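The structure under discussion appears below in the form of structure tokens.
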Amino acid sequence: MKVLVSVKRVPDPYAKISPNAAGTDINRDGLQMAVNPFDEIALEEAIRLKEAGHATEVVAVSIGGAECQEQLRTALAMGADRAILVQIDEPLDAPSVAKILAAVFRREQPSLMLMGKQAIDMDENQVGQMLAAMLDLPQATFASKITLENGGATVERETDNGIETIRVPLPAIITADLRLNEPRYVALTGIVRARSKPLETITPADLGVQTRARVRLTQVEAPPARKAGKRVSDVHELVRLLREEARVI
Amino acid sequence: MKILIVAETDGGRISEKTLPAIAFAQQKAPDNFTILTIGDNLQGVESLTNYGAQAVLTVNHPALAKPLAERYAPVVAHYAQQLGADAIVATTTTFSRDLLARVAGLLDAPMLSDIIALESAHGKLVAKRPIYSANLIGTFEVEGSPVVMTVRGPAWGKPEPQGAPSPVQNAEAPASIPTRSEWLSLQGGSGGRPDLTQARVVVSGGRPLKDPETFEKYIGGLADALGGAVGATRAAVDAGIAPNELQVGQTGKTVAPELYIAVAVSGSVQHLAGMKDSKVIVAINTDPEAPIFQIADYGLVADLYQVVPELTELLKNSRG
Ligand SMILES: Cc1cc2nc3c(=O)[nH]c(=O)nc-3n(C[C@@H](O)[C@H](O)[C@H](O)COP(=O)(O)OP(=O)(O)OC[C@H]3O[C@@H](n4cnc5c(N)ncnc54)[C@H](O)[C@@H]3O)c2cc1C
Ligand SMILES: Cc1cc2nc3c(=O)[nH]c(=O)nc-3n(C[C@H](O)[C@H](O)[C@H](O)COP(=O)(O)OP(=O)(O)OC[C@H]3O[C@@H](n4cnc5c(N)ncnc54)[C@H](O)[C@@H]3O)c2cc1C
């Protein structure tokens, strides 16, 4: 069984983010980039499925500029068998990303696609569900546990109301939540081995896909800052202020 | 603009989480919105009839008894097309994130997640939404119709009751509902406390709370003294101290109560993303340098094990 995993290049989750001078994007000077943490979790799950004998091949795919090769090399170092870069330099919106991933899916014919539930830059949380709809496949989003059996997956999902368990037949699209697993550290041997693993570069045109972003980011600004508060010395002062000044209790 | 609101249900009941989406529609298309409710043997549909919707459509079908996106999405897409909706809208929750992005995929429609403002300018919709873990606000221009949107609950508030009640109309489910996904179970529940995203007061605890019993005793106890809900940091949830559905933050819930009390919470950007729009923020932390103090209205540098019981007692006593 083949597993396809999408990997997005995003700013490191602990990096400090600020708008650029023109207010059109973030300031990218010297910004540390990383694999989207949710995609790292999806990839870890795929590699574990391979180690457990469920999967035979793990393929990582990223969409973006040539620099995304860096994140694909990380994916290969973690344990993906090969990688595909769909190279495109224009900004994409989520339906465009989903269309490109759908074309890669059709080409690769995996039994399972694993991906992050959201990218931590735009925080849209859309692509997996759009992809499932476009491919007319079942979806299991926000997975915190995946069990494969009898040609299907039983998935525990993190919902606002608690842990929901659903079952989907394969092939399916499953999106990873934070508690699905803890991704491994990349070992040095993995980095060395990754250099000889195949990384193919193709274009959307090679896949027969044309995209045009209908959602366009035009401005980036800092939200209004909260005003600095005050220190209180004990709970009596706190309760008094909450009552008399803030009037919230 | 014609809006189709997708009500949140668990298949059997309407959830009050639908209300911010209705408030959004009252502002953006006061006389031109319809509410769609989906489930089986749905209860509580009348609760949506006094907000001025043109109609409340109810689709009941045994295959829709549980909220599976694969089954609900074609129903939403069908009615969006039939009504000629320009916007398909729901309040941001895990229900709507799961469902509406699938609807957008079915309709090949652009989508805006978790919006906090919407205007139209030169024939285009212009929306604002938090990006980069709510560190920044992005402005997005959208072309095309329909546009699918989830709206950030705290930004839109509650709808105003209107005069004439909206008619409830039974609507047919589309002929074929895909039934490949199967619903098995749900574990969870707020244990009688108010819903985290709706509560007026939220008390959240962090990793130092040790274990579930300690968390419940200190954080649960303080929340109960205030009639509030309980929240948690990711670190507390990861450590098994608090259940997953209590996580507040970038990857958990967004809350904006009147009063948010953060107990032993460091104040990471990811946590702040989910609570910094609260009206009043109180932080209790032993570390005077903890980042949470930078956004707290009232900060108390103290050990939780000492001051939380004092605070709980004080509130209980002054209540009665
Ligand atoms: C400089 C710049 C400009 C941008 N301008 C715009 C713009 O004008 N309009 C706009 O809508 N967006 C813009 N974006 C963001 C856009 O490309 C988003 O990535 C896209 O809309 C998908 O949203 P998301 O990443 O939040 O997806 P989510 O739905 O949150 O992502 C879910 C999952 O989808 C997969 N995925 C998403 N993107 C990729 C990718 N590129 N490669 C591989 N897997 C992926 C990942 O597995 C991810 O975990 C811009 C980004 C950059 C860096
Ligand atoms: C992709 C990604 C997504 C994330 N999403 C989220 C999210 O949605 N929500 C979220 O919360 N986090 C999220 N995180 C994690 C986040 O970065 C922090 O690790 C987490 O919020 C820290 O939790 P904490 O404050 O409980 O723990 P800590 O950072 O350990 O802080 C504990 C605090 O308690 C104080 N303290 C210790 N003992 C006491 C005492 N006796 N009395 C009073 N104070 C005491 C300490 O001084 C400290 O400030 C995410 C991280 C990543 C990478």
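Just so we're on the same page: letters track the sequence lines, and every chain starts at 1. Only a predicted model underlies this, so the values are computations on that prediction, with no experimental measurement involved.
- If you measure heavy-atom distances from B:D114 to chain A, you find no contacts under 4.5 Å at all.
- Taking the side-chain contact (heavy atoms from CB on, under 4.5 Å) definition, one finds that A:P223 meets it with B:I137, B:K276, sequence neighbours left out.
- Nearest heavy atoms, B:A101 versus A:M130: O-CG, 3.3 Å.
- Remark: B:S133 OG to A:D121 CG distance equals 11.5 Å, nearest 0.5 Å.
- When the heavy atoms of residues 92-113 of chain A are compared with those of chain B, the residues falling under 4.5 Å are A:P95, A:K99, listed by number.
- In this structure, a donor-acceptor pair under 3.5 Å is present between the side chains of A:E245 and B:Y298.
- Applying the salt bridge (Lys or Arg N to Asp or Glu O under 4.0 Å) test to A:D136 and every residue at least two apart in sequence or in another chain returns B:R180.
- Both the sub-6.0 Å distance and the 45° axial angle are satisfied by A:R231 relative to the ring of B:F293.
- Chain B is approached within less than 4.5 Å, heavy atom to heavy atom, by A:L137, A:P138, A:Q139, A:T141, A:F142, A:T154 from residues 137-156 of chain A, ordered by number.
- Looking at B:P288, both its backbone and its side chain come within 4.5 Å of chain A, counting heavy atoms on both sides.
- Side-chain contact check for B:T251 and A:Q118: no donor-acceptor pair (N or O, by modelled atom type) lies under 3.5 Å.
- Heavy atoms only, all atoms of each residue included: B:V307 and A:V235 are closest at O-CG1, 3.6 Å.
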